[in-house]
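Structure record follows, encoded as structure tokens.
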Amino acid sequence: MERGTIPIDSLSGGFDLQSTVESGQTYVWAREDDRMYEDAPAYGGDAWYYTVLPDDRTGGDPVVVRARQRDGVLEWAASIDAEPHLVELLRLDDDLDAIVAATPDDPLLEAAYDAYRGMRLVRDPPFASLISFICSAQMRVSRIHGMQVRLAREYGNAVEFDGRTYHAFPRPAQLAAATEAELRDLGLGYRAPYVQRTAEMVATGEARPEEAAGRPYEAAREYLTQFVGVGEKVADCVLLFSLGYLEAVPLDTWIRTAIAEHYPDCDQGSYAETSRAIRERFGGEYAGYAQTYVFLYLRTGGEA
DNA sequence: TATCCAAGGTAAGTT
DNA sequence: AACTTACCTTGGATA
């Protein structure tokens with residue numbers, strides 16, 4: 001067992017672990033106390049969280065990484081040196097002060113940033129991100145999370161850590177081998193065939209989410225929509241929360257509400273044009289940061 | 001207690 | 001291309 005700490009004040013713009021992993025952008029983290037989403041994300045939470053690094057990240061078996069934020073440090077424990085993984089997964093290398101400073105002056109954006117200061121975007125493993133956002137269609141955040149937990153328990157490799165059994169997120173071939181009926185039994189509903197077929201596409205090498213990376217933003221979004229169950233919105237989520245396209249602004253119900261109430265001129269009808277307009281309104285390069293703050297702020301009861 | 005509704009949308013079919 | 005409609009499931013709101 002290795003352990004380490006990362007001082008929060010060494011990170012530009014600070015950090016808030018709870019709002020980062022409970023904001024609805026990532027579904028690869030869980031709380032050891034099993035109370036994910038039960039208390040509203042707010043600065044000050046000090047629960048232990050864990051994630052399981054997929055084997056294609058570790059080069060060997062999946063690795064459990066445990067982390068919590070307390071007394072001004074991010075503590076971690078794992079069987080390997082987890083710090084570089086945490087820096088990447090939780091985007092601790094982002095200059096959050098600069099990102100906030102580059103955000104346009106706007107009452108809604110300021111309120112959202114003030115409410116959850118320290119929240120960072122994430123870099124989720126691409127396959128898990130793809131599957132979890134396929135599952136997100138017309139679904140509540142807490143239930144999306146529950147689906148991912150059940151998928152991991154049912155199809156993912158077991159990993160022992162600190163006297164407990166954890167499960168990695170399934171590999172593409174493991175999910176591809178599932179049947180639609182089995183996935184429906186896990187509560188996926190009409191998303192079940194989408195997940196199976198997309199997993200099959202990745203397993204066979206027909207397409208892989210990583211291959212979207214490196215393309216210009218809109219071309220990358222187009223690439224991802226070839227997966228079954230992936231439209232423009234889900235594609236934007238994968239680009240933003242996994243592949244590092246910080247300009248992506250997923251147009252979900254909350255953002256569409258915000259557009260209607262605050263930026264009606266950005267409603268251009270089609271997804272592509274509206275997306276372009278709100279992306280510009282949110283400052284372009286880091287528009288996805290603004291989107292995620294606004295999403296969390298509105299979803300947790302902030303004044304629209 | 002029963003019914004209704006909406007949840008981080010997408011695919012397939014029509015105009 | 002833009003517009004409709006069906007789709008699983010369920011916790012929480014409403015009657």
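Throughout, a chain's letter reflects where its sequence line sits, starting with A, and its residues are numbered from 1.
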Can you tell me which nucleotide in C:dC8, C:dG11, B:dA11 comes closest to the side chain of A:Arg140? C:dG11
Choosing from C:dG11, B:dG9, C:dT10, which nucleotide comes nearest the side chain of A:Arg143? C:dT10
Interatomic distance, [X] [atom1] vs [N] [atom2] [rounded to whole Å]:
{"X": "A:Lys233", "N": "B:dA11", "atom1": "NZ", "atom2": "P", "result": "13 Å"}
{"X": "A:Tyr194", "N": "C:dT9", "atom1": "OH", "atom2": "C1'", "result": "14 Å"}
{"X": "A:Asp252", "N": "B:dA6", "atom1": "CG", "atom2": "P", "result": "17 Å"}
{"X": "A:Arg256", "N": "B:dT10", "atom1": "CZ", "atom2": "C1'", "result": "13 Å"}
{"X": "A:Leu188", "N": "C:dT9", "atom1": "CG", "atom2": "C1'", "result": "10 Å"}
{"X": "A:Leu251", "N": "B:dT10", "atom1": "CG", "atom2": "P", "result": "10 Å"}
{"X": "A:Gln196", "N": "B:dT10", "atom1": "CD", "atom2": "P", "result": "19 Å"}
{"X": "A:Ile144", "N": "C:dT10", "atom1": "CD1", "atom2": "P", "result": "15 Å"}

A:Ile255 or A:Gly229, whichever maps to the more 5' nucleotide of DNA chain B: A:Ile255
Residue whose closest nucleotide on DNA chain B lies nearer the 5' end, A:Trp254 versus A:Val230: A:Trp254
Return yes if a side-chain donor-acceptor contact under 3.5 Å exists between [X] and [Y], otherwise no.
{"X": "A:Asp124", "Y": "A:Gln25", "result": "no"}
{"X": "A:Tyr223", "Y": "A:Glu211", "result": "yes"}
{"X": "A:Tyr166", "Y": "A:Glu160", "result": "no"}

May I ask you to verify whether the side chain of A:Arg191 and the base of C:dC7 hold a donor-acceptor pair under 3.5 Å? no
Base B:dG9 to side chain A:Tyr271, donor-acceptor N/O within 3.5 Å cut-off: no
Can A:Phe133 be called stacked on B:dG8 when the rule is centres closer than 5.5 Å and an angle between planes below 30°? no
So what does A:Gly24 touch, heavy atoms closer than 4.0 Å: a base, only the sugar-phosphate, or nothing? base
Under 4.0 Å, heavy atoms only, any strand: does A:Gln25 hit a base, just the sugar-phosphate, or nothing? base
Base partner of C:dC8, which must satisfy Watson-Crick or wobble distances under 3.5 Å: none
Go through the steps for A:Tyr116 and A:Thr300 under the test side-chain hydrogen bond (donor to acceptor under 3.5 Å, both in side chains), then give the verdict. CA-CA 11 Å; A:Tyr116 293 107; A:Thr300 53; 2.7 Å; yes
Please give the distance between the P atoms of B:dT10 and C:dG11 as a whole number of Å. 24 Å
If we take the P atom in both B:dG8 and C:dA13, what is their distance in whole Å? 14 Å
Provide the full list of salt bridge (charged side-chain N to carboxylate O under 4.0 Å, His left out) pairs with a residue in residues 274-298 of chain A, sequence neighbours left out, each pair given once. A:Glu218-A:Arg276, A:Glu218-A:Arg279, A:Asp265-A:Arg281, A:Glu273-A:Arg276
